[in-house]
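Every heavy atom of this structure was used, including side-chain atoms; hydrogens, water molecules and symmetry mates were not. Counting from 1, the numbers follow the sequence of the chain as shown. Every value quoted in this text rests on a predicted model; they were computed, and no experiment measured them.
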Amino acid sequence: MQNTTICALATPPGPGGIAVVRVSGPDAYTVAARVFRPADATRRLEKAKGYTALFGHFFRAGQPCDETVALCFRAPKSYTGEDVVELSCHGGPAVVEQLLAACREAGAAPAGAGEFTRRAFLNGRIGLTQAEAVMGLVSAAGRQGAALSAAALGGALAREIAGLEAKLTALLGHLDAWVDFPEEDVPELAPEAFCACISEAAALLEKLLREYGAGAVLRRGVDTAIVGRPNVGKSTLLNLLAGFERAIVTPLPGTTRDVVEQAVSLGESGIRLNLADTAGLRETGDLIEAEGIRRGRAKLEQAGLVLAVFDASRPAGEEDVALARACEGRCALALLNKSDLPAQFDEKSIAPYFAGQKDGLNRRGGHILHISANDPADRARLAGAIEALLGTASLDPCAAALVSERQHAAALAAKSHLDAALAACREGYGLDAAGVCLEDALNALYELTGESAGEAAIEEVFSQFCVGK
């Protein structure tokens, strides 16, 4: 309920140099004044203006607990659009718990997950797409992923969709007036002009949809499986990407018997790869190794990116071709390792499976790269190949982008309706039939921006937030 005053820790839990407890709501200043006392006895928190800071102490049960700075924000110029006081104290867990308890005892209720941002949305401070960008910014795994979310928080997507809505609304209004009031002097709407406007809108949505996968990679990272036969250099590759000796490397086949995992940040865009080095794929009677191979195959099936490693210094075998076949149609990169040794591998035997293909709006498939996992210089080459494969290299981090599955689904529905409008017009059903599809497209865009989002959709968005945001 927005008529309550809430409080929560707004900084990460655990020990830290400083912690911030945010208090928001109609009684924020009353609650904070019961907890905080300025060092200057002539000052009163209740009278403080917005965008001011007071130094003092927080008290619980009449006893001073810690030095505190109170930052004051007055409605509507605050994060939530309500009166807000942020109390900063030292970041020890015991101190923070004392401050939170003092705020609750003074009349504030504990905030739920995402409740501060939800209030910002309900108070009109931000739109739903901006609210989703907040969570994207908090959880961004890389620099460019953070930039994408920051652009969305700044309203890049909201402005793009608002412009699209305005054009389609004007088009629909013209169509309705022309169909419903033939006796009026309404300019005729030519089918060519109608189709041109719809095509332009559909192209914009197609671009957003096409870039969604790459944007998701930048924001959240991608689960990556390193797979191949024994002794092709998988663990050496993991160590190269990690920048340190994460996995044991020996000349003995079967050294890696379980999945070895490591998260790394790669390339100019800072892509987060959640790497999984797997046991060498082969037939074995060793039960422990066989279980490791089973887990490796499971990682291969689940991975968003596959790094298939082959030994370029040995002839291609049936197992290599079988692995390549398993990568067909996947987002996969074939790495011909040991390029510092004389080449014997016939890459033509695997090339057809890494040719790439189109799947809907997203490019899938991969290509072949010659590397030496022992050469640190090849890390940059590999990073560039991965960025090109995932489509992140061409993304503009300041441009409008879809930042959630909910937005993606709404944009996909809107484009589908626009495509139906174009089909209706071209197949001779008339502009009035196309107008019905156009209206459906607009409704999908209203869902995207939150202008007509139902309570269930809003709940879904904010259920993914952490407490304190």
| Do His367 and Phe354 have ring centres separated by under 6.0 Å? | no
| note | Arg118 meets the side-chain hydrogen bond (donor to acceptor under 3.5 Å, both in side chains) criterion, sequence neighbours left out, with Glu455, Glu459
| Residue list, side-chain hydrogen bond (donor to acceptor under 3.5 Å, both in side chains) with Asp320, at least two apart or on another chain | Arg229
| message | Please list all pairs meeting ring pair (Phe, Tyr, Trp, His ring centres under 6.0 Å) that have one or both residues in residues 312-331, counting only residues at least two apart or in different chains. | response | none
| task | State which residues pass side chain to side chain contact (heavy atoms under 4.5 Å, CB included) with Ala414; sequence neighbours excluded, sorted by chain then number. | result | Leu205, Ala444, Leu445
| message | Could you work out, with salt bridge (charged side-chain N to carboxylate O under 4.0 Å, His left out) as the rule, every residue matching Asp419, not counting sequence neighbours? | response | Lys415
| task | Identify, with sequence neighbours excluded, every residue that meets side chain to side chain contact (heavy atoms under 4.5 Å, CB included) alongside Ala326. | result | Leu300
| request: Not counting sequence neighbours, which residues clear ring-ring contact (aromatic ring centres under 6.0 Å, His included) with Phe310? List them please. | output: Phe345
| note | salt bridge (charged side-chain N to carboxylate O under 4.0 Å, His left out) pairs touching residues 149-171, sequence neighbours excluded, are Lys167-Glu200
| request: With sequence neighbours left out, write down each residue that passes side chain to side chain contact (heavy atoms under 4.5 Å, CB included) with Cys437, or none if nothing qualifies. | output: Ala420, Ala421
| field | Under the side-chain hydrogen bond (donor to acceptor under 3.5 Å, both in side chains) test, residues paired with Lys77 that sit two or more places apart | value | none
| request: With sequence neighbours left out, write down each residue that passes side-chain hydrogen bond (donor to acceptor under 3.5 Å, both in side chains) with His90, or none if nothing qualifies. | output: Asp66
| Residues that Thr117 engages under side chain to side chain contact (heavy atoms under 4.5 Å, CB included), provided they are two or more places apart | Tyr79, Ile126, Ala131, Val134, Phe462, Phe465, Lys469
